[in-house]
Amino acid sequence: MWLRRTVGFHRVNIQGLRRSFQVAAAAAKMAKSRFEYVKAFETEDRLDPKHWIVVALKHRRYDELADTYDLEKPNDKRLVQLFEASARSVMGEFKELVLGYGFGGEFSLAFAKNTTLYRRRAPKLLTNLCSLMASSFVQLWPHHFEGLSLVDPPSFEGAVHLFPDDQSLRDYMTQRQLACHHRNLNNTVLWSLVRECGLAVDEAQGVVRGATSEGDKNEILFSRCNKNYNKEEDVFKKGSIIVRTSTQASVRTPAGSVTQRNQSCLSNLCFDFVKDQFWSEIFVLDQPTKVNAKTNYLKDFEKKAKLLPHSWIVIRIDGKGFHKFSEKHSFAKPNDIRSIELMNRAAKRVMEEFPDIVLSYGQSDEYTFVIDRYSRMLDRCASRNMSSIVSLFGSTYVHNWTEVFDGTPLQYSPAFDARAVLYPNNSCLRDYLSWRQADCHINNMYNTCFWVLVQEGSRSRQEAEGELRGTFSRDKRDILKEFNREYDKEDALYRKGTIMYRDELQNEETEAAQAPGTESCRGSRKISVEHIDMIGDAFWEQRPWILGKERSVRTLEDMDY
């Protein structure tokens with residue numbers, strides 16, 4: 001939340017302070033409704049200590065970019081530089097990232113082996129990096145593609161790899177660089193045959209498939225296209241390497257003297273991961289390593305948890321450091337309709353992209369997405385679902401910024417974190433959504449009172465905190481009445497939050513004919529937007545199609561996840 005309720009420090013007697021804490025505790029206890037048991041379904045997903053954490057991010061539609069924007073093939077240097085700049089933006093924000101490597105729409109970012117960032121919670125690390133990569137991509141696009149508008153904000157799929165030693169880290173990076181080389185060689189041959197030799201794309205693909213070795217492909221390039229592959233740019237052949245290094249910088253102290261301090265900086269390099277020089281001189285490892293031709297074992301280190309079938313999947317997104325973000329961009333208090341509009345636009349775009357999302361709910365800087373309990377979306381892989389949704393949300397937020405915040409430049413790219421939580425039945429899912437809407441009410445009432453006291457009552461922020469400490473709902477309503485404000489007449493958008501859901505399919509026979517897990521029917525439904533109560537039964541009774549009917553497992557195919 002943009003404004004957290006904090007305890008101010010005032011000079012009071014011990015007995016008064018004790019009473020104040022007792023009242024505050026009683027208020028907090030009452031605020032904890034019967035719905036809060038749903039928090040028990042959340043898991044920490046902490047990664048083992050003293051392991052390398054590598055977060056791999058991949059643009060979900062990278063191969064379509066060249067045709068969509070008429071980019072140079074096989075490589076457009078502007079696009080390569082955009083991915084590098086986006087990755088540098090991520091590494092600049094997260095100082096614990098020490099090594100990055102990318103090519104062809106993917107980037108792998110390595111945390112220091114001993115990092116304790118976010119206490120090594122995999123979902124938080126993954127989604128913060130993924131959303132920031134996507135939002136930076138959108139924000140930096142105009143700097144690399146001047147005059148070319150970004151048509152559709154990107155989405156990235158992410159995966160977390162946990163490597164126990166230095167050898168496995170080196171093997172992973174070497175494997176990705178070899179994949180870069182093979183991909184680039186194939187694409188260079190393909191598009192050289194198309195451009196220089198006038199072959200159709202299908203014909204050129206047939207020639208490439210017939211070349212079984214690197215030597216054959218190099219010979220085709222040389223003899224038929226008069227091109228030497230070794231003279232291609234290194235960044236295309238070897239990919240982009242970003243390394244965090246330490247340098248001495250002169251810093252002036254408050255006393256006026258100058259001292260030398262270590263500062264980290266990011267460097268773009270070009271090296272062969274296969275060779276020892278990079279690992280012994282540039283990115284020095286603690287353990288001895290060597291070239292390893294066998295890397296099939298690496299797939300076992302990917303954290304690829306699948307979500308249990310026939311359970312509701314809830315992906316909840318929260319803004320990272322949005323109090324600072326809102327202050328930096330002068331958000332109106334207690335609610336800024338522009339930010340809410342951005343959040344809602346982003347949520348709607350996510351629902352349009354992923355038809356298996358049956359409902360979403362947003363308030364302040366958070367949004368919840370509910371995925372059909374019988375969905376097989378993205379193979380029910382937790383990391384793929386979280387990263388794809390949060391990255392598209394973040395990139396859409398930035399993509400719409402200029403239109404919604406007209407005249408307010410975006411100072412820096414925002415990031416969001418996400419978590420995936422499973423709820424086993426309709427009752428638990430409803431209680432979860434009720435918990436979030438109750439939280440919206442509690443926080444909005446507090447924030448409304450707080451800012452009325454500050455803006456209209458001439459209180460300082462500290463005085464407003466003190467006045468609200470220990471108050472109940474009726475007390476806050478009384479405070480508002482002093483300023484001729486009726487809380488129940490405040491806009492329902494702020495009091496209830498935003499609910500988005502898919503309308504009922506008119507042709508029930510068509511819906512019945514759809515096999516479980518298919519998307520065509522859901523994707524064709526209109527998305528409705530409401531600002532109403534969903535804690536009571538009325539919302540669900542009037543829209544029974546949202547939760548749907550219980551299904552039974554009838555075939556082995558239904559069980560195949």
Side-chain angles (χ1 to χ4, degrees), residues 38-48 51 53-60 106 108 118 120-131 155-164 168 172 296-317 350-351 353-360 368-393 416-426 428-429 432 514-519 522 547-548 550-561:
V38 297
K39 292 171 69 175
F41 289 94
E42 298 179 6
T43 57
E44 291 293 320
D45 294 323
R46 295 182 188 272
L47 298 170
D48 294 337
H51 285 56
I53 302 172
V54 175
V55 176
L57 308 176
K58 186 173 184 179
H59 193 294
R60 295 181 68 238
E106 72 170 65
S108 295
Y118 304 133
R120 300 177 72 92
R121 283 179 287 170
K124 199 169 181 70
L125 296 174
L126 167 68
T127 56
N128 267 289
L129 266 60
C130 200
S131 64
S155 176
F156 287 79
E157 277 190 18
V160 176
H161 303 262
L162 194 65
F163 298 119
S168 54
Y172 172 81
N296 287 339
Y297 76 96
L298 292 173
K299 62 180 180 291
D300 296 329
F301 293 119
E302 181 180 345
K303 309 296 287 184
K304 208 171 183 179
K306 281 200 173 185
L307 299 166
L308 291 173
H310 292 205
S311 300
W312 290 103
I313 302 173
V314 167
I315 307 293
R316 187 168 82 244
I317 292 174
V350 169
M351 291 188 72
E353 177 72 16
F354 300 104
D356 281 10
I357 297 175
V358 298
L359 179 143
S360 63
T368 287
F369 296 95
V370 180
I371 301 173
D372 192 312
R373 65 185 302 183
Y374 301 106
S375 168
R376 298 175 187 175
M377 175 176 147
L378 300 174
D379 296 326
R380 293 184 76 89
C381 176
S383 59
R384 292 180 67 192
N385 276 278
M386 286 187 293
S387 58
S388 297
I389 290 175
V390 76
S391 61
L392 182 57
F393 189 94
F416 299 84
D417 64 65
R419 68 186 71 198
V421 188
L422 292 177
Y423 292 105
N425 53 48
N426 294 355
C428 287
L429 176 66
Y432 165 79
Q514 287 291 317
T518 57
E519 298 182 347
R522 284 189 294 267
L547 298 180
E550 193 81 25
R551 294 178 189 165
S552 60
V553 179
R554 296 182 296 277
T555 66
L556 289 175
E557 183 181 355
D558 290 335
M559 298 175 65
D560 183 15
Y561 285 90

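Count residues from 1 along the sequence.
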task = Looking only at non-hydrogen atoms, find the nearest pair between Y297 and S168 and report the distance.
result = OH-CA, 3.3 Å
inquiry  = With side-chain contact (heavy atoms from CB on, under 4.5 Å) as the criterion, how do L125 and V160 come out once you've worked through the C-alpha distance, each side chain's angles and the decisive distance to 0.1 Å?
reply    = CA-CA 9 Å; L125 296 174; V160 176; over 6 Å; no
request  = Flag the pair D417 / Y118 as yes when at least one side-chain heavy-atom distance between them is below 4.5 Å, and no otherwise.
outcome  = no
request  = Determine the sole option in V350, I313, N385 for which the side-chain contact (heavy atoms from CB on, under 4.5 Å) test with I357 is passed.
outcome  = V350
Under 3.5 Å: donor-acceptor pair, side chain of R373, backbone of P424 = yes
request  = Keeping the roles fixed (side chain from R120, backbone from D48), state whether a donor-acceptor pair exists under 3.5 Å.
outcome  = yes
query = Rounded to the nearest 0.5 Å, how far apart are CZ of F393 and CD1 of I315?
reply = 13.0 Å
key: Distance (rounded to the nearest 0.5 Å) between N128 CG and R121 CZ   = 10.0 Å
task = Any chance you could lay out the side-chain contact (heavy atoms from CB on, under 4.5 Å) test for I371 and F354, step after step, and finish with the verdict?
result = CA-CA 9 Å; I371 301 173; F354 300 104; over 6 Å; no
ask   = Does any N or O in the side chain of R316 come within less than 3.5 Å of the main-chain N or O of R419, such that one atom is a donor and the other an acceptor?
value = no
key: Derivation and outcome, side-chain contact (heavy atoms from CB on, under 4.5 Å), residues W312 and C428   = CA-CA 9 Å; W312 290 103; C428 287; over 6 Å; no
task = Step by step, work out the side-chain contact (heavy atoms from CB on, under 4.5 Å) result for V314 and F41.
result = CA-CA 11 Å; V314 167; F41 289 94; over 6 Å; no
task = Using a strict 4.0 Å threshold on nitrogen-to-oxygen distance, state whether R60 and E157 make a salt bridge.
result = yes
query = Where is the tightest heavy-atom contact between L162 and K303, given as atom of each residue plus distance?
reply = CB-CD, 4.3 Å
key: Interatomic distance, D356 atom CG to R380 atom CZ [nearest 0.5 angstrom]   = 9.5 Å
key: Sequence-distant partners of S383, side-chain contact (heavy atoms from CB on, under 4.5 Å), two or more places apart   = L126, C381
ask   = Between L57 and G158, what is the shortest heavy-atom contact and its length?
value = CD2-CA, 4.1 Å
Nearest heavy-atom neighbours spanning P164 and F301 = CD-CE2, 3.6 Å
query = Given the rule in the ring-ring contact (aromatic ring centres under 6.0 Å, His included) test, do F163 and H51 qualify, once you have shown the distances and angles that lead to the verdict?
reply = CA-CA 5 Å; F163 298 119; H51 285 56; 9.6 Å; no
